[in-house]
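Residue numbers run from 1 in the order of the sequence given.
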Amino acid sequence: MNDKAGLRLRPMGLAARMILFLTLALVPIGVVAYFQTAKLQQETRLRSQLSLVALTEAAALGERETILRAQGGAQALGATVGQELVVRADPEICSARLASYLAASPGYSFATFVTADGRMPCSSAGSELDIADFPRVQSLLEHPGAAAWLNPNGPLSHRSVIVVAEPFFLGGELAGHVLLSVPSALLPRTQAPGASQKETPFQDIVTINEHGEILSSRGGLDSVDGMLPADLDLASLVGARSQSFAARSKDGETRVYAAAPLVPGMVHALGIWSHDNVEAQGLTVSGVAKALPLLMWAASVIVAFLAVNRLVIRHIKRLSRRMRSFARTRRIPDHHTDLAVPAEVAEMENDFLDMADAILRDEAQQENALREKTILLKEVHHRVKNNLQLISSIMNMQIRQASEAETRLVLHRLQDRIRSLATIHRNLYQTEDLGHVNSGVLLEELVAQMTQMTEVNDRPVQVRTELAHVEAVPDQAVPLSLLTAEALTNAMKYASPAAGQNQADVSVRFEHEGDGRAVLEISNSDATPETVDPTIRIEPKGLGSRLIQAFATQLGGDLIQGREGDRYRVHVTFSLKDFEPDETLPTKVPDVPDF
């Protein structure tokens, strides 16, 4: 099993999944709603355009009647007086007829004839006029036909008038034009007859001629210029179909305009409408209608998220915090009944509490069982230590009764090995962790026990130790201790002062080499000539040497022993093992010779 935690992707949260799935579910509905809204908006716009055009035509009814009445009067004068003027060529009779017509029609301020050859032979003022004084009349000769224009300062009436020109014919040929002047003051200054401000809340009604020139304005010619469209040529509206549109005016505001023909090809009406009008709003609020599907999606997601968060997410987070608290403190949190918690989440919380209680009971049972096993195992080690000490005491009695020196030597060696085993078991039942032993402490006690007798063969021996605190498992601590005891006994037995020294010395070194390896080295000073066989330093029959080799093999280490200069060394390097349960350890009997 790999201990290193790999890169784990964080799963998507419940709220994010809910928003994703709800978005996918609402996409078809949103698409349908968008196209339906667009279609409805288009129909609403068309209806609003037609309605605004109709309202503009109704509002400009007074201007239309005035222009048409003047056009009809000019046609009548051309058919009667114009015929006589051309046939009789009597300007006085023509002027009298025009003056009589104006007297019978108070809606006009001036009337005159303009012949095809560029003369103005008669007028309602009773005299012939010079065409040079009338630039618009000269333009009319170049482009004959029905026309209307505004003269802000009439030469005879000295007031603002609208001049209506109507051609008349004689024998199918153009004979001239009849000009009638209508005072601007006679045009409507209020809204359409019978209409209230609430019904037609327009801001202004403007009339224009075929050249895009303004003829009249309900609000006055001085204030109408800022209300007109900024990027639109008014002449383009004349002759075009009726239409309504929203545009930015010259004063920077967005206004709604409706254009409708009053006299086709001659005079057009332009209505400027307020945003308060319901039909005008149908042309300007298009963005809100298109945003309705998006607003519907946003509202649905927000409502769904709030619902899921209140019903599920916040309770799951609360349960998660309680789980983390239990994992950290191993304390079962208090359970409070909350009717706001959904039944499914409440069941999960109850299952968690039951599981936490079961875990605590199982852990308590395991701790009790482990404590009992630990106590039992320590008791076993304690009893083994006592038994080994009892055996050592019996052997001590036997040594005192032995008469042969060789027998006492053998029993002493055997007693030292038994004491080594007793020292190991004493350390095992005194340690808290039965799976590991501090080898440095163990060897320190063992060396101290074995060096109580500091003289060998009436020769003083100095023992130096360099023992590191290295953790080892019991299966390695036992052969390590026995190997140390055996090698130390031989070193102390055969140590001799080196050249120039008065005292023999023995060195015991145990340290950690790194990479999970340890080294044990026991050396003693040795003045024995090199020609002497070193095996004579080992007790009879080489038992010590065989034991050292057996214990090194059981450690799984590399053994090097021999003389180096004036010292004899036993050097063992081995790898430290990890603790393994007894059932996983292979059954192996160490190759240790019988005593």
query: Hey, what do you get for CG (Leu311) to CG (Leu306), rounding to the nearest 0.5 Å?
result: 10.5 Å
query: Between Asn350 and Ala346, is there a donor-acceptor pair closer than 3.5 Å when you use the side chain of the first and the backbone of the second?
result: yes
message: Measuring from atom OG1 of Thr407 to atom CD of Gln398, what distance do you get when rounded to the nearest 0.5 angstrom?
response: 9.0 Å
field: Check against side-chain contact (heavy atoms from CB on, under 4.5 Å), Leu232 and Tyr257
entry: CA-CA 11 Å; Leu232 179 66; Tyr257 301 90; over 6 Å; no
message: I'd like to know if the side chain of Arg324 reaches the main chain of Phe326, judged simply by a donor and an acceptor atom lying under 3.5 Å from each other, with no hydrogens or angles considered.
response: no
- line: Closest non-hydrogen atoms of Ile272 and Arg255, given as atom of the first, atom of the second and distance, are CG2-CD, 4.0 Å
query: How about Val570 and Leu559: do any of their side-chain heavy atoms sit closer than 4.5 Å?
result: yes
message: To check you understand the geometry: which heavy-atom pair defines the closest contact between Ser525 and Ala504, and what is its length?
response: OG-CA, 3.5 Å
task: Give a yes or no on this: more than 12 heavy atoms of other residues, nucleotides or ligands lie within 6.0 Å of atom CG of Asp362.
output: yes
task: Report yes if the side chains of Phe551 and Leu555 come closer than 4.5 Å at any heavy-atom pair, otherwise no.
output: no
- request: Indicate the atoms forming the closest heavy-atom contact of Ser481 with Leu446, along with that distance.
  value: O-CD2, 3.3 Å
- prompt: Are any non-hydrogen side-chain atoms of Leu547 and Leu482 less than 4.5 angstrom apart?
  reply: no
- line: Taken in chain and number order and not counting sequence neighbours, the residues that satisfy side-chain contact (heavy atoms from CB on, under 4.5 Å) with Val345 are His315, Val341, Pro342
query: Is it true that a side-chain atom of Arg318 and a backbone atom of Arg314 form a donor plus acceptor pair closer than 3.5 Å?
result: no
- request: Give the C-alpha distance, both sets of side-chain angles, the deciding distance and a yes or no for side-chain contact (heavy atoms from CB on, under 4.5 Å) between Leu576 and His512.
  value: CA-CA 9 Å; Leu576 296 172; His512 194 279; 3.6 Å; yes
field: Ser575: side-chain contact (heavy atoms from CB on, under 4.5 Å) partners, not counting sequence neighbours
entry: Arg517
- prompt: Can you find a pair of side-chain heavy atoms, one from Asp505 and one from Arg567, that are under 4.5 Å apart?
  reply: yes
message: Are the side chains of Leu443 and Val508 in contact, using a 4.5 Å heavy-atom criterion?
response: no
- request: Taking the side chain as every heavy atom from C-beta outward, state whether Tyr568 and Asn490 have any pair of such atoms under 4.5 Å apart.
  value: no
query: Going from OG1 on Thr553 to CG on Asp558, what distance comes out if it is rounded to the nearest 0.5 angstrom?
result: 10.0 Å
- prompt: Who passes side-chain contact (heavy atoms from CB on, under 4.5 Å) against Thr329, sequence neighbours left out?
  reply: Ser325, Arg331
query: When rounded to the nearest 0.5 angstrom, what is the spacing between CD1 in Ile399 and CD in Gln415?
result: 4.5 Å
task: Give a yes or no on whether Glu444 atom CD has more than 12 heavy-atom contacts from other residues, nucleotides or ligands under 6.0 Å away.
output: no
Nearest non-hydrogen partners of Met323 and Phe352, listed with the distance: CG-CE1, 3.5 Å
task: Taking atom NZ of Lys317 as the centre, report whether more than 12 heavy atoms of other residues, nucleotides or ligands fall under 6.0 Å from it.
output: no
- request: For the residue pair Asp475 and Lys577, establish whether any side-chain heavy-atom pair is separated by less than 4.5 Å.
  value: no
query: Met492 versus Asn524: any side-chain heavy-atom pair under 4.5 Å?
result: no
field: Interatomic distance, Ser403 atom OG to Arg408 atom CZ [nearest 0.5 angstrom]
entry: 7.5 Å
message: Any side-chain to backbone donor/acceptor pair from Ser320 onto Ile316? Under 3.5 Å, distance only.
response: no
message: Checking Met348 now: which residues fulfil side-chain contact (heavy atoms from CB on, under 4.5 Å) with it, not counting sequence neighbours?
response: Leu319
- prompt: Which pairs with one or both residues in residues 363-372 pass side-chain hydrogen bond (donor to acceptor under 3.5 Å, both in side chains), sequence neighbours excluded?
  reply: Arg330-Glu363, Asn368-Arg371
task: Tell me, please, which residues at least two apart from Glu511 pass salt bridge (Lys or Arg N to Asp or Glu O under 4.0 Å).
output: Arg509
- request: Identify the two heavy atoms, one from Met227 and one from Ser249, that lie closest to each other, and give their separation to 0.1 Å.
  value: O-CB, 3.7 Å
query: If every non-hydrogen atom of Ala422 is compared with every non-hydrogen atom of Leu388, which pair is closest and at what distance?
result: N-CD1, 3.5 Å
task: Please say whether more than 12 non-hydrogen atoms of neighbouring residues, nucleotides or ligands are located less than 6.0 Å from CG in Asp515.
output: no
task: Determine the interplanar angle of the Phe574 and Phe510 rings, folded into 0 to 90°, and report it as parallel if under 30°, tilted if 30 to 60°, perpendicular if over 60°.
output: parallel
statement: Rounding to 0.5 Å, atoms NE2 (His571) and OG (Ser523) come to a distance of 11.0 Å
